Amino acid sequence: MADFLKDLRVMGSEMHDFIKRLPDLAGAEVMDSIDQNFRDESFFGQAWEPRKVQEGNEGKAILVQTGRLRRSFKLQTSGLVITIFTDTPYAEIHNEGGMIEGTVDVAAYERHQYEMNEVSKPGSRKEKWKKEKVSTGQVKAHTREVSTEIPQRQFMGPHPELDRKIEKLITTRMDNIFEG
């Protein structure tokens, strides 16, 4: 009987420690799933809409310009409450999709016009061309109306697969406590 009571105390202590650590463990699972969604460019297998190909972003990952969004997620736990948050202002519109509408201030700038001129030597076999500036104009500061639709590219939120991962984490730890 003494061994049984001792085993119960050990299991109770392990269970208490596990419950205290559970929010951090579950939160880590959520953080891993967010990172995996960025890696896979999908939300648990549901592929994101491809990005518009523009000069300079060919072959780049979707939703990664500088990597700030992907690195910005933070985990905070308080008791049994898990909070995942980011300070990037554009995270919500990318996760949920929607319209961006409003007025944008455009700063003054110089606009340059160029033309291509042939600079190859007479009689050369291959033509050489050089881009040369022909004029410069000053553009005044102004405002511009914008209306842009951002497709949903969800990277976080509830999902049955995430629930299964957390449930498996709990089940495995509980089995280790009670079978150990």
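What you see is a predicted model; the values in this text were computed from it and never measured.
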Side chain to side chain contact (heavy atoms under 4.5 Å, CB included) involving [X] - partner list, sequence neighbours excluded:
X	result
R39	D35, Q36, R70
R144	V106, H142
D87	R68, S72

- Message: The test is side-chain hydrogen bond (donor to acceptor under 3.5 Å, both in side chains); show your working for Q113 and S135 and say whether it passes.
- Response: CA-CA 5 Å; Q113 283 188 316; S135 70; 3.0 Å; yes

- Query: Taking the six-membered ring for Trp, are the ring centroids of F155 and F44 within less than 6.0 Å of each other?
  - Reply: no

- NZ (K60) with more than 12 external heavy atoms under 6.0 Å: yes

- Item | Residues, nucleotides or ligands: over 12 heavy atoms within 6.0 Å of F4 CZ | no

- The complete set of salt bridge (charged side-chain N to carboxylate O under 4.0 Å, His left out) pairs with one or both residues in residues 103-115, sequence neighbours excluded, reads none

Just list the side-chain donor-acceptor pairs under 3.5 Å for residues 156-163, sequence neighbours left out, or say none.
| residue | atom | partner | partner atom | Å |
| --- | --- | --- | --- | --- |
| H159 | ND1 | E161 | N | 3.0 |

Return yes if some donor-acceptor pair links the side-chain N/O of [X] with the main-chain N/O of [Y] below 3.5 Å, else return no.
X	Y	answer
W48	I62	no
T171	E167	yes
N117	W129	no

- Task: Look at the rings of Y114 and H112 and say which category their plane angle falls in: under 30° parallel, 30 to 60° tilted, over 60° perpendicular.
- Result: tilted

- Query: Are Y90 and I150 grouped together when hydrophobic residues (ILVMFWY) are joined by side-chain heavy atoms under 4.5 angstrom apart?
  - Reply: yes

- Hey, could you give me each pair passing side-chain hydrogen bond (donor to acceptor under 3.5 Å, both in side chains) that has a residue in residues 25-34? Not counting sequence neighbours. none

